[in-house]
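To start, the structure under review is shown below, and the notes come after it.
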Amino acid sequence: MMLSPWDRWQSTSCCLCCHVRTGTIILGIWYMLINSVVLLILLTALSDPDQYHLTSAELANDMDVMDDANMCIASAISLLMIMICGMATYGAFKQHPAWIIPFFCYQIFDFALNTLVALSILVYPNTIQDYLQQLPDNFPYKEDIMALSNICLALMVLLFISCILSFKAYLIACVWNCYRYVSGQSPTEVLVYITTNDTTVLIPPYDDSVPIAIPPKYAPPPYSD
């Protein structure tokens, strides 16, 4: 039997021969752990601002306000990501497909952002040199990297981003296959109404249905004067 390319793309197994549900649960827990660590670091920075803010007398006030605002926004984003990943984990575990959609949309958004980064490097390869110049002087192999040509740097960065995009696309496919699998496993409740002249019968879903005797339809008595 020949399978279409779309059917070949759909699979119930993912990396390490795990089921797509198991892979989605592991992926959701992993993202939750990462965002929890990020949120903990941000909350620690907000609780001790003197340790993380610049001490320049000219820019202290402005940088304090800017840092606090950025950390609050980053903390809110991390908290939102923890909720989205928790919903995906719960949806894959309890087989609720609607709970997986927010995490899938986040994956698509993240993939689109990384694609735009790759396109910007392809169009403006000189931005890599500008980024390298902003690195601290004690950064490992900074001088050796800056000695390379712009084309060579662009090819190396594009190769690295392509590997990341391929891996992200594979994870997107795993989550999508999990969504389709959970959607196929969830019971569909269809209510059918059969109406006659004098009665209405409600038929439950097929799995829960039992033989129902529909009352026969009797002809009305003949009209007599």
Side-chain angles (χ1 to χ4, degrees), residues 5 9 11 14-16 20 23-24 26-46 52-54 62-63 65-89 100-179:
W9 180 254
S11 176
C14 59
C15 185
L16 301 178
V20 288
T24 303
I26 295 174
L27 185 62
I29 294 175
W30 174 250
Y31 272 82
M32 287 177 61
L33 291 176
I34 293 177
N35 287 278
S36 299
V37 172
V38 173
L39 181 61
L40 181 62
I41 294 174
L42 291 173
L43 293 178
T44 304
L46 287 174
Y52 296 92
H53 291 173
L54 296 179
D62 296 337
M63 291 303 297
V65 175
M66 186 180 301
D67 287 346
D68 289 341
N70 291 336
M71 288 183 180
C72 290
I73 295 174
S75 301
I77 293 175
S78 299
L79 183 60
L80 179 62
M81 283 302 306
I82 293 174
M83 295 176 57
I84 292 175
C85 298
M87 290 174 59
T89 305
I100 306 176
I101 292 297
F103 184 70
F104 178 75
C105 294
Y106 158 74
Q107 286 184 301
I108 296 296
F109 179 73
D110 182 62
F111 184 84
L113 286 182
N114 285 271
T115 304
L116 291 177
V117 171
L119 291 177
S120 64
I121 293 175
L122 185 62
V123 176
Y124 303 104
N126 294 330
T127 56
I128 303 177
Q129 289 285 354
D130 298 337
Y131 175 76
L132 292 175
Q133 292 177 359
Q134 297 176 3
L135 296 176
D137 296 334
N138 57 354
F139 188 82
Y141 305 105
K142 177 181 178 180
E143 298 297 332
D144 297 335
I145 297 175
M146 293 185 63
L148 299 175
S149 61
N150 292 335
I151 298 177
C152 184
L153 285 175
L155 291 177
M156 293 175 59
V157 174
L158 286 176
L159 179 62
F160 179 73
I161 295 179
S162 299
C163 295
I164 294 178
L165 289 178
S166 301
F167 183 69
K168 288 180 178 294
Y170 178 76
L171 295 180
I172 291 173
C174 292
V175 175
W176 174 248
N177 289 333
C178 176
Y179 170 78

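Every heavy atom of this structure was used, including side-chain atoms; hydrogens, water molecules and symmetry mates were not.
Distance check: L158 CG to L165 CG gives 10.0 Å after rounding to the nearest 0.5 Å. Interatomic distance, I100 CD1 to T24 OG1, rounded to the nearest 0.5 Å: 6.0 Å. Put simply, CD1 on I172 and CZ on F103 are 9.5 Å apart, with the number rounded to the nearest 0.5 Å.
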Side chains of residues 107-119: which donor-acceptor partners sit under 3.5 Å, not counting sequence neighbours?
residue: D110; atom: OD1; partner: N114; partner atom: ND2; Å: 3.4
residue: D110; atom: OD2; partner: K168; partner atom: NZ; Å: 2.6
residue: N114; atom: ND2; partner: D110; partner atom: O; Å: 2.6
residue: T115; atom: OG1; partner: F111; partner atom: O; Å: 2.8

Pair up each side-chain donor or acceptor in residues 74-88 with any protein partner under 3.5 Å, not counting sequence neighbours, and list the distances.
residue: S75; atom: OG; partner: M71; partner atom: O; Å: 2.7
residue: S78; atom: OG; partner: A74; partner atom: O; Å: 3.0

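The shortest distance between side-chain heavy atoms of V37 and I41 falls below 4.5 Å. The closest side-chain heavy-atom distance from L171 to V175 is not below 4.5 Å. A 4.5 Å side-chain heavy-atom check between C174 and L27 finds every atom pair outside the cut-off.
Residue pairs meeting the salt bridge (Lys or Arg N to Asp or Glu O under 4.0 Å) criterion with at least one partner in residues 111-127, sequence neighbours excluded, are absent. Applying the salt bridge (Lys or Arg N to Asp or Glu O under 4.0 Å) test to pairs two or more places apart or on separate chains, none has a residue in residues 32-46. The salt bridge (Lys or Arg N to Asp or Glu O under 4.0 Å) pairs that include a residue from residues 118-129 number zero, where partners must be two or more places apart or lie in different chains.
With sequence neighbours left out, the side-chain contact (heavy atoms from CB on, under 4.5 Å) criterion links I29 to I25, L33, T89.
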key: Derivation and outcome, side chain to side chain contact (heavy atoms under 4.5 Å, CB included), residues L155 and L159   = CA-CA 6 Å; L155 291 177; L159 179 62; over 6 Å; no
